[in-house]
A.B. asks: 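Take this structure first; my questions come after.
Note that the numbering runs from 1 along the sequence shown for the chain.
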Amino acid sequence: MRASEHEAGVIQVGGAGILMAMTSVGDGFFPVHLDVDAAGDPVALRIDIAGED
């Protein structure tokens, strides 16, 4: 993660890919939202990252 151009990377933990990203915004806890289609299948994953004004 630190060595990558965009300070982000994916690690494998128990067969799952875990996204790690560095940001100077907030404390590192951000709301995550999973959007699903009518059948309940995932179509988008959104992470809200907002800084203080």
A.B. asks: What's the separation between atom CD1 in I47 and atom OG1 in T23, rounded to the nearest 0.5 Å?
C.D. replies: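 I47 atom CD1 to T23 atom OG1 measures 11.0 Å (nearest 0.5 Å).
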A.B. asks: Mind checking whether L34 and V43 sit in one hydrophobic cluster, side chains of I, L, V, M, F, W, Y counted as touching below 4.5 Å?
C.D. replies: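 No, because L34 and V43 fall into different hydrophobic clusters, even though each may have its own neighbours under 4.5 Å.
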A.B. asks: As an exercise, state the distance from CG of D35 to CZ of R46, rounded to the nearest 0.5 Å.
C.D. replies: 4.0 Å
A.B. asks: Answer yes or no: are there more than 12 heavy-atom neighbours, outside H33 itself, under 6.0 Å from its atom NE2?
C.D. replies: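 Counting neighbours around NE2 of H33, more than 12 heavy atoms of other residues, nucleotides or ligands fall under 6.0 Å, so yes.
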A.B. asks: For atom CE of M22, is the number of surrounding heavy atoms from other residues, nucleotides or ligands below 6.0 Å larger than 12?
C.D. replies: yes
A.B. asks: Testing the basics here: between F30 and D48, what is the closest heavy-atom pair and its distance to 0.1 Å?
C.D. replies: CB-O, 3.2 Å
